[in-house]
Each structure stands twice: as structure tokens, then as C-alpha cells.
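Here's the structure we're looking at; comments come further down.
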Amino acid sequence: MKVIDKPEFEALIDEKISSDRRDVVGVQDDGEKYVFDDLDSAGDLALEYDVTMLSPKKYLMPQRETILEYRDANGEFEWRAKAEPDGKVIVGIHPYDLVAIEQLDKIFIDTLRDEPYRRKRENSLLIGVNMQDASETAFAASMGTATTDSGYDLMLTDLGETYAVNIGTLEGKEFLNSADVRKATAGEVQEVERIEQEVVPDLFERELEFSPALLPTILEENYDNMAFWEDYSEKCLSCGTCNMVCPTCYCFSVDMIRDLGTNSGRESRRWDGCLLEDFASVAGDENFREEVAERHRHRFMRKGWYIYERYGDIACIGCGRCTSECVADVADPCDVYNKLYQEAQAHAQ
Ligand code: SF4
Ligand code: SF4
């Protein structure tokens, strides 16, 4: 573990803003919310934040991106992959969002072999920061994602006048090359351990009432509990916001777009979400999940059961974004899972 004085860290980030081939982005306070955005100066960083509105997923899987471009040469289509910008240097990622990115890596790189994602991911440098605050809707400690020892190039812990820096990769080590850093003392290493084990878990007001390892079973047993899903989804507006803000949701739709008046166009993709009414519509005017209760059920099943079955991950990292952004107040996974658990307990008695 290394230690860097805060002014030295800011000088390092400022140097990278002016010299790195990639854009440097980081967490900032926009006056209403915390957001990941382009950095003009390291002084704009707000690393003591609780949660950002969108996760850094938006840099690896943008809300809308062109994948292919084509030219129609008298009926002969010439396709070419869209030239990709380099990845980003992303500063200030909380551990739960690093865990979410590791889940996306499994899906997009290991399974789908998705080139646009892989290029951005492998060219990005992820600088994490241990949490100093948590939103009132977060429950990451219950999900085991409030701290992490993987998924980052560098991980910062605020020690007052300095940052302790865990180095996760060779690229992270090289990023520090031009900075004045020193080896952490035994006391500083102990202090980071104390923060991770005692301070961070205490930041959370909300908790799951049971081990997340039980989630797949609890959900499977409640697949046909339509009374529950209908009751819980009654006020849902099918706006899809809970999907859009989620760091582990990765569904997208593909559009073919012809540039009017030209012989060229592009294929692009945009975020999609299973709570939107048309998400499961297919040709022939069929919709596999026409009722809002079915869409609700699907979202929670996917988070806690389906993804676990396929990839071994619980696809909710407890950030609480869906809960805080749902105007109908019916998107809260912690509440849904606790209610299902309580029902199971009551039936067992
Ligand atoms: S649960 Fe809330 S955020 Fe999600 S679609 Fe329904 S109203 Fe929108
Ligand atoms: S389901 Fe909600 S709490 Fe869980 S990861 Fe997604 S946005 Fe965060």
C-alpha cells in the first residue's frame, strides 16, 4: 500500500487531464446531485459523495452509441465498425460500482465478446475510493459490496491529509509513476482496515434481513405469488427509470438509422429496460409481459435469481439508485426482498 498527500494527488490528476490521451472524468457535485462528468480540474472532485445519479457504466456502455456505419453503394452495403474513442480515466468509483463493472465484464467480455464494450473497458483506468458517506436508500453492506479488493486499478482511502492507495494493476502502478508517493506505515495499513471493517458498514441505514445467498431460493419460491407482485406493482408507472439508473442492468435495443438524403446510415444501440411496456413486445402484436406485475416480477427475479443461475452473481449491488429515483416508490429491492422473506418466515411458523 502507498500513501500520497492530497495536494500531490490533485497535481497528478491535473497533469493527467492535460497529458493523458484519454478523457479524465470524475465525481462532481452539480449543485443538485453527484455525477460522473468530465474533469476540468482535480479541484472539482467531490470524493466524499454518497451516490451518483448514474454509475460509471455510462462510459463503458453509453446510453446511445453507434456500433456500425454503412454505405449503400447501389444495393451493395459496405459496413465498417465505428471508430471508437479511447477509454477514460474514471476517478472516484465506489466499491459497489466496481463490483457492478466486474459483473458487466463477465457478460460483455467473457460471454457476449462485445467489442465496443471490451475496447472501452480495456482502455479505461478505474480509480476507486472507499465510501465516506452512503445514500439513505443504499444497502451495499448487506450485499457484500460496500468494500472490494478487486476490480480497480487504484483504490483510495481518505486518511485526512493523505490518501492511502491500494494498487490493483500494473497500469495503476504506472499511473502513479510521476507522483511523489511513499510506502504506507503499519499504522496506516491498520487504519484502512479499520475504515473498511468498522466505519464503512456503519454508513448504511438500510439492510437486508437475511443473507443474499438465500435470494435465489426465496425468489424461485415466489415466482407464482402473483398476489404479491400485483399488490407491489399497483402504483408502478412503467417509466423504466429503475432500469435506467441501475449499474447492473445491461439490456439494449438496436436501431438501424438511414441518414435522410444520403446513401449512408448506421446501426446504433440504446439502453432499454424490462419495466417499459414494449420491452417484451414481438412481431404479431404479442407481448410476453403485458401486465405491469409480470414486468415487476421479471425485474426482481432477474436481479436475484436468473443472473445468479447463469453467472453466479446477485445482480443487485445495493446502491439504492432505483429506490431514490422511483417517483411511485415501488422500486426498492431491499423492501421487496425483505417482505418476501418475512412472508416465508410467517408461513414457516
Ligand atoms: S418501479 Fe418505479 S421507476 Fe420502475 S418503472 Fe415502476 S414507477 Fe418507474
Ligand atoms: S436494483 Fe436498484 S439497488 Fe440494486 S443495483 Fe440496481 S439500482 Fe442499485
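Atoms within each ligand, like the ligands themselves, are counted from 1 in listed order. The structure presented is a predicted model; accordingly, all values stated were derived computationally and were not measured.
Within a 6.0 Å sphere centred on CG of Asp38, other residues, nucleotides and ligands contribute more than 12 heavy atoms. The environment of OH in Tyr308 is sparse: at most 12 heavy-atom neighbours from other residues, nucleotides or ligands sit within 6.0 Å. Within a 6.0 Å radius of OH in Tyr311, more than 12 heavy atoms belonging to other residues, nucleotides or ligands are found. Summarising the local packing, CD of Glu15 is surrounded by more than 12 heavy atoms from other residues, nucleotides or ligands at distances under 6.0 Å.
Interface of Cys236 with ligand 1, defined as ligand atoms under 4.0 Å from a residue heavy atom, comprises 1 (S), 5 (S), 6 (Fe), 7 (S). Those atoms of ligand 1 that come under 4.0 Å of a heavy atom in Ser238, given as number and element, are 5 (S), 6 (Fe). Residue Ala331 approaches ligand 1 through these ligand atoms, each under 4.0 Å from one of its heavy atoms: 1 (S). Each of the following atoms of ligand 1 lies closer than 4.0 Å to a heavy atom of Cys242: 1 (S), 3 (S), 4 (Fe), 5 (S). Applying the 4.0 Å criterion to heavy atoms of Lys303 picks out, from ligand 2, the atoms 1 (S). Each of the atoms 5 (S) of ligand 1 lies under 4.0 Å from some heavy atom of Leu275.
The shortest contact between atom 2 (Fe) of ligand 2 and any protein heavy atom is with Cys322 SG, 2.2 Å. From the protein, the heavy atom lying nearest to atom 8 (Fe) of ligand 2 is Cys319 SG, 2.3 Å. In terms of protein heavy atoms, atom 3 (S) of ligand 2 is closest to Gly320 N, 3.2 Å. Atom 7 (S) of ligand 1 has as its closest protein heavy atom Leu237 N, 3.2 Å. In this structure, the protein non-hydrogen atom closest to atom 5 (S) of ligand 2 is Ile317 N, 3.3 Å. The protein heavy atom nearest to atom 6 (Fe) of ligand 2 is Cys246 SG, 2.3 Å. At the shortest separation from atom 4 (Fe) of ligand 2 among protein heavy atoms lies Cys316 SG, 2.4 Å.
By the 4.0 Å N-to-carboxylate-O rule, Glu10 lies too far from Lys6 to be salt-bridged with it. Salt-bridge formation is not detected for the pair Glu325/Arg321: no Lys NZ or Arg NE/NH1/NH2 atom is positioned less than 4.0 Å from an Asp or Glu carboxylate oxygen. Contact check on Arg297 versus Glu294 returns no salt bridge, with no Lys/Arg side-chain nitrogen under 4.0 Å from an Asp/Glu carboxylate oxygen. Salt-bridge annotation for Asp114 and Arg269: present, with a side-chain N of the basic residue lying under 4.0 Å from a carboxylate O of the acidic one.
At a cut-off of 2.8 Å, Cys239 is not counted among the residues with an N, O or S atom near atom 2 (Fe) of ligand 1.
Within the 4.0 Å heavy-atom criterion, the part of Arg299 lying near ligand 2 is the side chain and not the backbone. Contacts between Ser233 and ligand 1 below 4.0 angstrom, taking non-hydrogen atoms only, are absent altogether. The side chain of His296, and not its backbone, has at least one atom closer than 4.0 Å to an atom of ligand 1 (non-hydrogen atoms only; side chain from C-beta on).
If you check the side chains of Asp335 and Tyr232, you find a donor sitting under 3.5 Å from an acceptor.
Between the Arg22 side chain and the Val89 main chain, no donor and acceptor come within less than 3.5 Å of each other.
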Checklist line | side-chain contact (heavy atoms from CB on, under 4.5 Å) between Leu219 and Tyr306, worked out | finding: CA-CA 10 Å; Leu219 285 166; Tyr306 302 159; over 6 Å; no
